[in-house]
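Shown next, in structure tokens, is the structure this report addresses.
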Amino acid sequence: MMSSHADSGRPAEKDRPALVWSGADPVTFSIVLAALQNAEIPHHQLADHDQLRWGAAAPGLSYGIFVPQHDAERAEKVIREAIPAETPETDSPQ
């Protein structure tokens, strides 16, 4: 019996994570998280410091925020509206 894509344990294309924001500014990171929460868009955050094993401070920590692929366009719009225009390019939606 052949298994379907849904049965393979792999997420469907529309549910795969899409990176909608990355940057190094913790304030902008918090603004983006709050905007996504207010818009009730499911998201997952990743920060370099979450990956440190020995507690050593790493220069240039960075952050990333992922949403399901089907919510990416809506999330990018919410992020654009939440982040002031003068925010550096490195802290803008991807």
Side-chain angles (χ1 to χ4, degrees):
M1 173 190 259
M2 230 174 137
S3 69
S4 70
H5 177 72
D7 295 335
S8 70
R10 295 176 50 196
E13 183 70 34
K14 68 180 183 79
D15 293 327
R16 288 189 179 153
L19 179 65
V20 292
W21 183 88
S22 65
D25 181 8
V27 173
T28 304
F29 177 65
S30 296
I31 291 169
V32 171
L33 286 177
L36 293 173
Q37 288 169 349
N38 288 340
E40 298 182 356
I41 298 173
H43 58 277
H44 176 75
Q45 62 204 39
L46 184 64
D48 283 348
H49 64 270
D50 291 339
Q51 308 303 316
L52 295 176
R53 295 176 186 232
W54 297 283
L61 290 177
S62 63
Y63 306 92
I65 301 174
F66 297 82
V67 301
Q69 184 68 47
H70 68 273
D71 280 328
E73 188 174 318
R74 186 167 65 108
E76 289 169 353
K77 181 179 185 239
V78 166
I79 293 167
R80 281 192 303 271
E81 292 171 356
I83 299 176
E86 64 273 5
T87 302
E89 187 176 311
T90 58
D91 290 335
S92 63
Q94 296 298 315

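What you see below is based on every heavy atom in this structure, not just the backbone, and it leaves out hydrogens, waters and symmetry mates. The structure displayed is predicted, hence computed values, not measured ones.
The two atoms that bring A24 and Y63 nearest to each other are O-CE1, 3.7 Å, heavy atoms only. Closest of all the heavy-atom pairs between F29 and G64 is CE1-O, 4.1 Å. Here the closest non-hydrogen pair linking A82 and I31 is O-CG2, 3.6 Å.
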Distance-only criterion, 3.5 Å: show the donor-acceptor pairs between side-chain atoms of residues 35-44 and protein atoms not counting sequence neighbours.
| residue | atom | partner | partner atom | Å |
| --- | --- | --- | --- | --- |
| N38 | ND2 | A34 | O | 3.4 |
| H43 | ND1 | I41 | O | 3.0 |

Audit row: W21, T28, side-chain contact (heavy atoms from CB on, under 4.5 Å) steps and yes/no: CA-CA 10 Å; W21 183 88; T28 304; 3.8 Å; yes
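Between K77 and E81 there is a salt bridge, with a side-chain nitrogen of the basic residue lying less than 4.0 Å from a carboxylate oxygen of the acidic one.
Between atom CG of residue D25 and atom OG of residue S30 there is a gap of 8.5 Å, rounded to the nearest 0.5 Å.
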